[in-house]
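To start, the structure itself, in structure tokens.
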Amino acid sequence: HSKDRGRNTYNFYTHQMNHDMDRRLKIEEQLRSALKQKEFEVYFQPFVDIKSRKIIGAEALLRWNNALLGQVTPDEFIPIAEQTGLIVSIGQYVIEVAFATAKKWQQTYNPYFKIAINVSPKQFRENTFVDMLNIQLDKHQIHASTIELEITEGVLLSSDAVIDSNLISINDIGVSISMDDFGTGYSSLSYLRSYPFNTLKVDKSFINDITVDPGDLELVGAAIAMGHGLNLTVVAEGVETEEQYHLLNALKCDYGQGYLFSKPLPQAAFEALLLKQAKNEKTNKRSSIRR
Ligand code: C2E
Ligand code: MG
Ligand code: MG
Ligand code: MG
């Protein structure tokens with residue numbers, strides 16, 4: 001009996017491994033033609049000023065819809081794009097779309113509208129990255145101060161001269177750098193000390209339980225205070241409830257992002273949201289004049 005069970009377990013694992021390998025290979029293969037086939041769409045999720053709840057910017061989040069595989073989440077395809085090097089061209093595509101969209105919304109809605117873009121380690125290690133960034137800023141006539149690049153600790157894990165010089169150049173041209181998923185890595189604190197960050201994004205795993213876990217609330221409060229002490233803007237990720245919002249407001253968190261405000265949206269739906277906000281502002285102004 002035990003032999004049978006052993007064999008079944010073995011079969012189960014090889015079966016599972018084959019299945020995983022198969023899917024990985026399929027994703028890799030489909031990913032190679034995805035740009036050409038126009039299978040990507042850049043979604044935008046607003047972030048709001050905590051005090052006023054006004055939308056002040058958006059994070060660009062990539063979506064991939066493939067004929068064979070259907071919708072594949074970024075958590076699944078980004079690591080494969082990274083390992084195969086495909087992320088370099090995919091990432092440049094995201095930057096192009098995000099900049100074009102930023103320009104549009106800056107012209108029609110708010111000249112200071114901010115766009116945050118996720119950048120992978122492989123992209124950041126390219127010595128042409130900053131040149132590409134400059135070319136795109138110039139092409140779309142975007143003010144550098146409205147752009148924020150989000151990096152995770154993974155970018156800084158392997159110390160690398162190109163990464164260091166890219167970070168310095170990016171800071172020099174006035175583009176902001178944000179530490180994404182703050183608190184989930186091993187050495188976030190030492191990186192904050194050594195690199196020119198402008199923004200801290202507190203990971204949503206810390207925000208999730210602030211209303212029920214006093215320890216998490218304490219940690220988020222400490223992260224906000226520390227960020228402010230270092231002159232950083234602090235963003236809370238994954239804000240889902242009014243209760244979380246009220247705590248973050250009391251803790252003087254600067255910006256918030258999460259389903260409470262909006263899920264990531266296609267461009268047109270995001271524009272509808274901006275339009276709605278602009279209309280509300282007008283009505284509020286009118287009624288306050290009447291008062
Ligand atoms: P991230 O940069 O930390 O982005 C935030 C993720 O949290 C997004 O997942 C967003 O949809 C999700 N989220 C936002 N608000 C809430 C909320 O209230 N509750 C919950 N449960 N989730 C929320 P998404 O879009 O699936 O992206 C996952 C990750 O994939 C991103 O994490 C980022 O690391 C990566 N990614 C996405 N787009 C790109 C890209 O263009 N380039 C690179 N290099 N990475 C990307
Ligand atoms: Mg991000
Ligand atoms: Mg994050
Ligand atoms: Mg993340």
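The basis for the numbers below is simple: all heavy atoms, side chains too, and nothing from hydrogens, waters or symmetry mates. Whatever order the structure lists them in is the order used to number ligands and atoms, beginning at 1.
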*Name, closest N/O/S atom of E237 to the Mg ion (ligand 3)*: OE2
*Taking atom 29 (C) of ligand 1 as the point of reference, which of D75, L260, L62 owns the nearest heavy atom?*
D75
*asked:* Taking E240 first and then K204, would you say they form a salt bridge - that is, a charged N and a carboxylate O separated by under 4.0 Å?
replied: no
*What do you reckon, does G238 put a non-hydrogen atom under 4.0 Å from ligand 1?*
yes
*Roughly how far apart are L230 CG and N198 CG, rounded to 0.5 Å?*
12.0 Å
*For D180, counting its heavy atoms only, list the atoms of ligand 1 lying under 4.0 Å from any of them.*
1 (P), 2 (O), 3 (O)
*Charged N-O contact under 4.0 Å between K26 and E76*: no
*From E148 atom CD to F47 atom CZ, the distance as rounded to the nearest 0.5 Å*: 6.5 Å
_E82 near ligand 1 by a heavy-atom separation under 4.0 Å_ = no
*Please determine if the Mg ion (ligand 2) has an N/O/S atom from N118 lying under 2.8 Å away.*
yes
_the Mg ion (ligand 2) to D180: nearest N/O/S atom name_ = OD2
*Select one of side chain, backbone, both or neither to describe which atoms of P264 lie under 4.0 Å from any atom of ligand 1, heavy atoms only.*
side chain
_Below a 4.0 angstrom heavy-atom separation, can you tell me which part of I117, side chain or backbone, both or neither, approaches ligand 1?_
neither
*Give the contacting part of K263 toward ligand 1: side chain, backbone, both or neither, where contact means a heavy-atom distance below 4.0 Å.*
neither
_Nearest-0.5 Å distance that lies between atom CG in L68 and atom CD in Q30_ = 5.0 Å
*Looking only at non-hydrogen atoms, which of I87, V94, N118 approaches atom 45 (N) of ligand 1 most closely?*
N118
*Proximal ligand 1 atoms for Q45, defined as those under 4.0 Å from one of its heavy atoms*: 14 (C), 15 (N)
*Are any of the side-chain nitrogens in E126 or K122 under 4.0 Å away from the carboxylate oxygens of its partner?*
no
_Expected output: side-chain K201 to main-chain E237 donor-acceptor under 3.5 Å_ = no
*For ligand 1, which atoms sit closer than 4.0 Å to a heavy atom of E240?*
17 (C), 18 (O), 19 (N), 20 (C), 21 (N)
*asked:* Which of the numbered atoms in ligand 1 are under 4.0 angstrom from any heavy atom belonging to S120?
replied: 44 (N)
*asked:* Just verifying a value: how many Å separate T101 OG1 and F113 CZ, rounded to the nearest 0.5 Å?
replied: 9.5 Å
*Taking only heavy atoms of G258 into account, list the atoms of ligand 1 that are under 4.0 Å away from them.*
15 (N), 18 (O)
_Residue portion contacting ligand 1 (non-hydrogen atoms closer than 4.0 Å) for V239_ = backbone
*By atom name, which N, O or S atom belonging to E59 lies closest to the Mg ion (ligand 2)?*
OE2
*Is D181 close enough that one of its N/O/S atoms sits under 2.8 Å from the Mg ion (ligand 2)?*
no
_Can you name the atoms of ligand 1, numbered from 1 with element, that are less than 4.0 Å from a heavy atom of E237?_
3 (O)
*With heavy atoms only and a cut-off of under 4.0 Å, state how R63 meets ligand 1: side chain, backbone, both or neither.*
side chain
*Quick check: does E150 put an N/O/S atom under 2.8 Å from the Mg ion (ligand 2)?*
yes
*Can you find a non-hydrogen atom of D181 under 4.0 Å from ligand 1?*
yes
*K201 contact mode with ligand 1 (heavy-atom cut-off under 4.0 Å)*: neither
_As a check for students: among K204, K122, Q123, identify the option with a heavy atom nearest to atom 7 (O) of ligand 1._
K204
